[in-house]
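For reference, the structure is listed below as structure tokens.
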Amino acid sequence: MSERIIISSSPDILSNPIDYLKGVGPLRAELLKKELGIFTFRQLLEHFPYRHIDKTKVSLIRDITPETDYIQVAGKLMSLEIMGAHKGKRMVAELKDSSGVLELVWFQGISWVEKKLRLGDHYLVYGKAGFYQQMPQITHPEIEDFTPGSTDGKNFLEPVYPCTEKLKARGLGARQIANLTHTLLTLIREKDFPENIPDTIVKNLSLTSRYRAIHDIHFPSTQDAYEKALSRLKFEEFFIAQVRLGLIRSQRHRFSKGVIFKQVGELFNRFYNENLPFELTGAQKRVLKEIRKDCGSGKQMNRLLQGDVGSGKTIVALLTMLLAVDNGYQSCLMAPTEILARQHFTNITKLLEGLPITIRLLTGSTRSAARRIALEELQAGMLHIIIGTHALIEKPVQFNNLGLAIVDEQHRFGVAQRAKLWEKAVINPHMLVMTATPIPRTLAMTAYGDLDTSIMDELPPGRKPIITVHRTEMYRPKVMDFMKDEISKGRQVYIIFPLIEESQKMDYENLMKGYENVKAYFPEPKYHMSMVHGKQRQQVRETNMQRFIEGDTQIMVATTVIEVGVDVPNASVMVIESAERFGLSQLHQLRGRVGRGSEKSYCILLTGNKLNNEAGERLKTMSATNDGFLIAEKDLSIRGPGDIEGTRQSGMLNFKLASIVLDRALLESAKENAEQLIEKDPELNTEESIRLKQFLHGQQGKTVWRKIS
Ligand code: ADP
Ligand code: MG
């Protein structure tokens, strides 16, 4: 019997356990693993410095001025004296160079330092300079032996690494980490860290080579070299991610099978000509064209529809569903809440009046008899359109021939939930994913980069811009008067209270108090109020919402449960209480509840007197613009990508060095280059792409790259 022994083709030094590195004993290995998560050579290499200090230059003591920050000087140790006692105990040394004298002071570790120093010897000293009684001074300097005569410091910038207190206490500070990294770099050859970006791109963009970059990011000889290394590695992070996403898209475009919606049929045309109550905006028409092209291509559509609040995504969804019906396929529209699902159902049913289309609603609270009928009709193919909530993705929901699945307000749904819709048909249905508010471009490019994107950046005509103002508590009576005026003109008003989980109890009390206050000001029977919040029974909530929608009540006091999608065109005032506690996109989304009719609308942001900078910034942004795309960008730049709703779990934003906020230009360039490459060479089979392909294979499994939709 012969057994084949498989020898791995190239032993990968970077996978070595960190314990194998010279200078790392069992104790240090343990610390590195526990404190910094460094288990391998590679992880040490990828533990990047967060800054460098310039020790290439040795200054003269004379040059120290009150403006001097950190400085490096060299000189001879002239005196060493321990003074004071107890808490006042300190050691003071004098260092002299050709230009003057500098005092060095220690309050701690005195005996240890004292042992190291010898009068008359030369030292290289580094630290933050200050003055004490007109004398230049450095407290707790870094100090090392120096050979007089050499005028230079070191020939590289010294890296400073992220480090923990525990590590420092155990003698494994930034300095020691630098030494270990230095040792490691001497072991790494170019073959261990080979180029992965195609040559043409490296050349066109004048990128530092990958091998050079990993050296220079730790030990650059100049600031410029550091920046080039950093930029190269950031570009690589973006580029690799963009190639992965691009490959997913490209493979879908080329291989995924999709049902074909061949023609615009009778129903679509009849609806368009007879039922559509308005002219479509240019953006709506353009997006429909994009969708039709996808659905007719024979490949599965996977499209993200981004449109600002109120841009009219619903009608686009409806027309797409009609396209499906015309071609003999069923569609579903999934919304994140019961209220929204019901609203879609009501609106769409009304819009479809007179057309031979069967449509039903399915939510968690659909009664069992109605549910049974819906499910039967669905399976028998008698139902054309089904609208609902999560209930749609449950097991018993079986379609006859699902051709199109639309998900509204997508970031409330998890990835996995959307994927379940796919399984409901033999051939994957076309997917249209609609966002509640715009996503910043850079985020769309990364977190949703595997989807094709349509953008609706135009509001229906006749909308008056919403006037947004920020008012402090003092103005509350005036705000109330203003509401009264508007209501007397026949308009409706929203008042929103924050309800955020950690402080729910207090928030709940505030909401109740707020409700009573408003009620005192707007007494029955002249005025009627609705209240909607998450603690109510579903049915109560629905009824209250419905009364407001029908104009039965003039004032809606609510928490953010009404945030998304609700459409009451007659409402013209949105008052947001404790507005400083809301995020930007949430504020924008809330504001989008008004300004839906032709009346002039207002958004009033109420806050206390004291605001932190970030909140102030948010409110200023809200007052300055109605443009959701602009606001999304601002939101991202204030909060950073980590917090943006719905992206945390995506696993696509975990860049080590690059930031989608700060390195936008690099991201754009990475995307462009990745796309060009995939267009030219979709299998990455040409000679110059092969190492990229190998790199991607090697990485597989290390990062989770899930499909988003
Ligand atoms: P969103 O994109 O926020 O989901 P909706 O689809 O709810 O927006 O549309 C907002 C409002 O604008 C609705 O009342 C809708 O009837 C109306 N609307 C949509 N498209 C147009 C249009 N082309 N012209 C006029 N009104 C429109
Ligand atoms: Mg909507």
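Just so it is clear, the model here is predicted, and its values are computed rather than measured. Quick note: numbers below take in every heavy atom, side chains included, and nothing from hydrogens, waters or symmetry partners. Counting convention: from 1, in listed order, for ligands and their atoms alike.
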Would you mind listing which atoms of ligand 1 come within a distance below 4.0 Å of any non-hydrogen atom of [X]?
X	answer
Leu280	23 (N)
Pro460	18 (N), 20 (N), 21 (C), 22 (C), 24 (N), 25 (C), 26 (N), 27 (C)
Asp567	13 (C), 14 (O)

* Any Ser311 heavy atom less than 4.0 Å from ligand 1 ->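 Right, Ser311 reaches ligand 1.
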
* To do: Would you mind finding which of Arg596, Glu279, Arg593, Gln284 brings a heavy atom closest to atom 20 (N) of ligand 1?
  => Gln284

* To which of Val309, Asp408, Thr281, Thr314 does the heavy atom nearest atom 6 (O) of ligand 1 belong? -> Thr314

* To do: Taking atom types as modelled, find out whether Arg303 and Ser454 have a side-chain donor-acceptor pair closer than 3.5 angstrom.
  =>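 Short answer, yes.
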
* To do: Verify the distance criterion only: is there a donor paired with an acceptor across the side chains of Ser572 and Glu599 at less than 3.5 Å?
  => no

Can you give me the closest heavy-atom contact between [X] and [Y], atom names plus distance?
X	Y	answer
Val573	Met483	CG1-CG, 4.5 Å
Pro429	Ala405	CB-N, 4.3 Å
His344	Ala335	CD2-CB, 4.1 Å
Thr468	Arg591	OG1-NH1, 2.8 Å

* Asked: Applying a 4.0 Å heavy-atom criterion (strictly less than), which segment of Met434 is in contact with ligand 1: side chain, backbone, both, or neither?
  -> neither

* Which part of Arg463 is near ligand 1, with near meaning a heavy atom under 4.0 Å away: side chain, backbone, both or neither? ->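 Only the side chain of Arg463 comes within reach of ligand 1.
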
* To do: On the 0 to 90° scale, with breaks at 30° and 60°, tag the Phe522-Tyr527 ring pair as parallel, tilted or perpendicular.
  => perpendicular

* Asked: Is Phe278 close to ligand 1, meaning an N/O of one under 3.5 Å from an N/O of the other?
  ->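 Between Phe278 and ligand 1, no N or O pair is found under 3.5 Å apart.
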
